[in-house]
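A short worksheet on the structure shown next.
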Amino acid sequence: MATRRRFLAGVLAAGLMPIRGWASVGNPKYLSAARRPKGGYVLVGLRGDGALAFEVDLPARGHAAAAHPERAEAVAFARRPGTYAVVLDCSDGTVLARLEAPQGRHFYGHGTFSRDGRRLFTTENDFDGAAGVIGVWDAANGYRRLGEFASGGIGPHEIVHVPELELFAVANGGIQTHPETGREKLNLRTMRPNLTYVDGEGSVAQRVQLPDEWRLNSVRHLSVGPRGQVAFAMQWQGDAWDAPVLLGLHVLRQAPVFCEAPEAPHLAMKGYAGSVAYCGSKNWVAISSPRGGFVQRFDSASGRFLGAVGAADVCGINGSRGGMIATTGTGLVIGIEDRISARHPLSFDNHLIAL
Amino acid sequence: MIRMILLSVAVGLGLGAKSEAQSVDLGARVAAAVEGHIVPGYARFAQSARELSDVAKDQCVPSDDGLQTAFHLAFDDWVQVSHLRFGPSEADNRAFALAFWPDTRGKTPKALAGLIAKKAPAGLDVEEMMQQSIAAQGFYALEFLLFDPQIMMMGEASYRCALVRNLAEGIAIRAEAIHLEWADGYGAAMMSPAEEGPYRTAEEAAGELVKAVATGLQFTDEARLARPLGTFEKPRPKRAEARRSGRSLRHVVLSLEATGDLAVILAGETSAGQRVATGFATALSNAEIEDPVFAGVADPIGRLKVESLQQYVYGLREEAVGELVDLLGVSIGFNALDGD
């Protein structure tokens with residue numbers, strides 16, 4: 001197997017292999033990591049109607065994935081604090097490349113490609129330096145490590161590309177961890193999350209900080225909306241009943257707009273947003289809370305609360321043609337303001353990635 | 001007054017536990033929980049909440065013995081179902097409006113003081129009062145009106161009387177609505193999972209119930225006990241739940257009894273069930289402390305007792321919940337517990 005992998009990476013690098021597009025793997029619209037009922041982890045492709053397009057094995061529990069813009073190629077990241085990511089050919093599950101975090105780094109579970117698909121950017125922890133870094137990989141040449149730059153904060157979690165700006169937005173969650181102590185939070189007394197815009201070389205365009213009283217609100221997940229608007233979702237590190245707003249909308253060089261549901265539905269989120277996404281038309285944006293079992297919708301222009309939809313253990317969300325599609329840990333694929341419904345013998349993991 | 005449901009169940013189990021059954025009849029366990037725990041619990045709550053409202057119509061002076069007794073009985077019955085946060089309790093935000101606590105920003109006294117100072121017309125009408133902020137409603141708001149030395153003397157007695165009556169009536173309406181929905185469909189839907197129902201499989205229904213045990217214990221640990229404990233350097237006795245009416249420890253005991261009752265029903269007659277029952281009984285015996293409002297958390301000896309109780313509750317969160325998950329083979333949140 002190892003020789004075949006090396007061979008494949010080699011021919012890919014040489015550009016000799018025919019490019020297989022996403023249409024060749026059942027035309028998926030989304031990717032998600034999942035667990036099989038008897039154990040074992042997979043990366044699956046979902047079609048627009050919620051049906052399974054493909055299913056390929058993963059070596060361990062995944063978190064999120066990054067999809068190549070053209071090739072039917074996905075990078076599946078281990079959940080934090082994993083040190084591996086695998087690049088999969090989604091047509092047959094072949095491992096095209098294996099990303100090993102360099103010495104002193106581990107992955108945070110998210111990454112994104114440059115628009116042309118030539119570079120992959122991954123969020124990583126420089127754990128001895130207690131600093132967040134963005135790893136840069138050469139996706140055009142067998143995913144060789146090219147280098148890294150500072151993420152602009154501690155604990156970078158999700159990174160997204162904002163095409164209108166030719167910039168990346170990074171959610172620096174602010175929480176320091178070290179692999180020796182697992183997921184233990186080491187700096188709650190001093191944490192300062194932020195949203196940082198950087199270019200592909202690491203130059204910072206803007207760093208958005210939250211007000212002091214919200215410094216325990218870890219900025220974790222991002223989604224790109226209309227005209228370069230970035231939605232950022234937060235996870236409150238204090239007591240759930242004290243949680244402030246969980247969603248912000250930001251446009252470069254403007255002040256963020258914060259979106260909060262009324263008292264009871266806000267409390268029902270339990271201080272935790274697990275994913276954020278815009279609907280298909282980008283007219284509204286939603287956050288999901290697996291702890292509360294709700295998806296909440298907000299107007300992306302005004303920030304006004306539009307309502308909530310309940311679903312047990314819901315977390316993965318993303319835009320669909322008519323609205324939004326959501327996945328749950330109980331194996332459901334459901335439409336939010338959209339007629340989609342499917343059920344699979346799988347536990348869908350936190351994130352639903354749009355292709 | 002405190003019902004020792006759990007201990008009687010635990011004793012009733014005897015020593016005849018079967019070998020660790022891999023073939024647990026999940027449907028039967030869910031049915032036992034719905035019929036033996038949830039529906040009777042809400043029936044008691046609906047009845048005592050109605051009685052509280054009836055008494056308040058007759059007598060709204062805070063010092064009235066009958067009113068205070070009715071308040072305590074209804075509050076007891078609420079605490080014993082307060083871990084069941086799914087389905088009918090969540091429709092129309094009923095549970096949030098029944099129990100707004102912890103109130104870390106003091107929203108409840110602020111909202112009540114605002115209503116009283118302005119003699120807001122909303123306070124004079126049940127329907128309108130039920131549309132107000134959830135902080136101004138339910139048991140914790142009513143507790144301020146009946147037991148807080150400032151709020152119970154504020155403004156005009158006749159206005160406060162109307163507020164007491166309308167809050168009590170709002171509690172009764174919500175309690176009856178939850179009970180009705182459980183008795184009139186939701187209970188059956190939970191016992192007979194269906195593709196179009198709220199639960200598609202017995203695993204999902206049983207998972208919801210195990211989660212209720214876990215959620216109830218978590219709240220007792222992190223809110224009812226951790227809040228007054230604060231830190232050793234800075235204990236926070238005034239953060240104890242319902243301390244004005246002297247109910248803080250009582251809520252811990254009632255909630256342990258209720259979650260223990262549900263856990264033991266779910267486990268059934270198995271050796272895991274015996275271990276779960278023993279675990280709850282041990283935690284409850286550590287709740288036999290003479291400090292009804294956790295005033296002793298500022299004193300080293302008194303603090304030790306509350307800390308020890310918290311340790312036992314934390315132990316139940318790990319062990320009893322773990323036993324149930326293993327025994328029943330259910331999932332209580334693939335994503336919810338991942339937390340990333």
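A, B, ... follow the sequence lines: proteins, then strands. Residue 1 opens every chain.
- Ion pair Glu124(A)/Arg80(A) not flagged as a salt bridge, since none of the NZ, NE, NH1 or NH2 atoms sits closer than 4.0 Å to an Asp/Glu carboxylate oxygen.
- At a cut-off of 3.5 Å, with distance as the only test, no side-chain donor of His83(B) or Thr259(B) sits close to an acceptor on the other residue.
- Salt bridge Asp103(B)/Arg239(B): absent, no basic N to carboxylate O contact under 4.0 Å.
- Asp313(A) and Thr330(A) share no side-chain donor-acceptor pair at under 3.5 Å.
- Arg85(B) does not touch chain A: none of its heavy atoms, backbone or side chain, sits under 4.5 Å away.
- Heavy-atom distances place the side chain of Glu204(B), and not its backbone, under 4.5 Å from chain A.
- Each of Gly339(B), Ser331(B), Ala226(B) has some count of heavy-atom pairs under 4.5 Å with chain A, and the biggest count is that of Gly339(B).
- The residue among Glu208(B), Arg227(B), Arg200(B) with the most heavy atom pairs within less than 4.5 Å of chain A is Arg200(B).
- With a 4.5 Å cut-off on non-hydrogen atoms, Phe86(B) does not touch chain A at all.
- Counting heavy-atom pairs closer than 4.5 Å to chain A, the top residue among Leu337(B), Asn335(B), Ile332(B) is Asn335(B).
- A cation-pi contact, defined as under 6.0 Å to the ring centre and within 45° of the axis, links Arg61(A) to Phe334(B).
- Counting heavy-atom pairs closer than 4.5 Å to chain A, the top residue among Pro102(B), Gly207(B), Gly333(B) is Pro102(B).
- Annotation: maximal heavy-atom pairing with chain B below 4.5 Å, among Pro262(A), Ala268(A), Ala240(A), occurs at Ala268(A).
- Heavy-atom distances place the backbone of Thr328(A), and not its side chain, under 4.5 Å from chain B.
- Ranked by heavy-atom pairs under 4.5 Å with chain B, the list His63(A), Arg183(A), Arg343(A), Arg220(A) is led by Arg343(A).
- Using a 4.5 Å cut-off between heavy atoms, Lys211(B) makes no contact with chain A at all.
- Residue Glu195(B) touches chain A through its side chain alone, counting heavy-atom pairs closer than 4.5 Å.
- At a 4.5 Å heavy-atom cutoff, the contact between Ser133(B) and chain A is made by backbone and side-chain atoms alike.
- Side-chain rings of Phe75(B) and Tyr140(B) approach one another, their centers coming within less than 6.0 Å.
- Taking Glu263(A), His221(A), Arg79(A) one by one and counting their heavy-atom pairs under 4.5 Å with chain B, the maximum is reached by Glu263(A).
- When heavy atoms are compared at a cutoff of 4.5 Å, Ala135(B) approaches chain A by way of both its backbone and its side chain.
- Counting only distance, with no hydrogens or angles, the side chain of Ser275(A) and the backbone of Asn350(A) share a donor-acceptor pair below 3.5 Å.
- When heavy atoms are compared at a cutoff of 4.5 Å, Phe96(B) approaches chain A solely by way of its side chain, counted from C-beta outward.
- Within the 4.5 angstrom heavy-atom criterion, atoms from both the backbone and the side chain of Ala223(B) approach chain A.
- Taking 4.0 Å as the cut-off between side-chain N and carboxylate O, Glu169(B) and Arg174(B) do not count as a salt-bridged pair.
- Side chains of Lys185(A) and Gln176(A): a donor-acceptor N/O pair is absent below 3.5 angstrom, by distance only.
- A side-chain donor-acceptor contact under 3.5 Å links Asn217(A) to the backbone of Val245(A).
- If you check the side chains of Ser255(B) and Arg224(B), you find a donor sitting under 3.5 Å from an acceptor.
- Of the residues considered (Ile134(B), Thr201(B), Asp338(B), Asp340(B)), Asp340(B) shows the highest number of contacts with chain A, using heavy-atom pairs under 4.5 Å.
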